[in-house]
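A short write-up of the structure that comes next.
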Amino acid sequence: MGLFDQISGMVGSALGGSDDAAGGGIQAQVMNVLKQNGIDGMSGLVQQFEQSGMGAHVASWVGDGQNLPISAAQVQAALGSPVIASIAQRFGVDPAMAANLLAQHLPDAVDQATPDGTMPDGS
């Protein structure tokens, strides 16, 4: 399962559409927004959260064991308002909904994308 497959499903459901919106799938669009804002791939996402003082959270997602939850406010703080606003605009939702969806699904998405507690090659 890809990094944002769960988020893709939730956003797709929230929008009443599919994952194949114009410009690529939801996962590709989210990753594109992140990249446009200087957050490149899984390693960039992990680094962004670590630099925002949430190293323990992201370490729990990457490592084995239970994932620490994160709030929408923490997602907003880590990624920044411009990134959240860009994701929200891309999918036609408000920024609060985008942050909430990321907070709900990001820990599991990162966990699933980092099997055996290691970063995937080429991340």
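Only heavy atoms go into these numbers, but all of them, side chains included; no hydrogens, no water, no symmetry mates.
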Does [X] reach the side chain of [Y], with side-chain heavy atoms less than 4.5 Å apart?
X	Y	result
Val83	Leu34	yes
Ile87	Leu101	no
Trp61	Val46	no

Using a 3.5 Å distance criterion without hydrogens, assess whether the side chain of [X] forms a donor-acceptor pair with backbone atoms of [Y].
X	Y	result
Ser86	Val33	no
Asp94	Ala96	yes
Gln48	Ala78	yes

(message) Testing the basics here: between Ala103 and Ala72, what is the closest heavy-atom pair and its distance to 0.1 Å?
(response)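 In terms of heavy atoms, the two residues are closest at CB-N, 3.6 Å.
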
Run the side-chain contact (heavy atoms from CB on, under 4.5 Å) test against [X] and tell me which residues pass, sequence neighbours left out.
X	result
Ala88	Val93, Pro95, Ala98
Gln47	Gln51
Gln74	Met54, His57, Ile70, Ser71
Gln36	Asn32, Arg90

(request) Just do the side-chain contact (heavy atoms from CB on, under 4.5 Å) check on Ile84 and Leu102 with the steps written out, would you? (result) CA-CA 9 Å; Ile84 298 296; Leu102 289 168; 3.7 Å; yes

(request) Keeping to residues at least two apart or across chains, list the ring-ring contact (aromatic ring centres under 6.0 Å, His included) pairs with something in residues 66-88. (result)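 Those involving residues 66-88 do not exist here.
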
(message) Applying side-chain hydrogen bond (donor to acceptor under 3.5 Å, both in side chains) as the test, list every pair that has at least one member in residues 75-84; sequence neighbours left out.
(response)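 The answer is Gln76-Ser81.
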
(message) As a test of understanding, state which of Leu79, Val110, Ile39 forms a side-chain contact (heavy atoms from CB on, under 4.5 Å) with Phe49.
(response)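 The single option meeting the side-chain contact (heavy atoms from CB on, under 4.5 Å) with Phe49 is Leu79.
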
(request) Any chance you could measure Leu45, atom CG, to Lys35, atom NZ, to the nearest 0.5 Å? (result)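 Separation between the atoms: 14.5 Å.
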
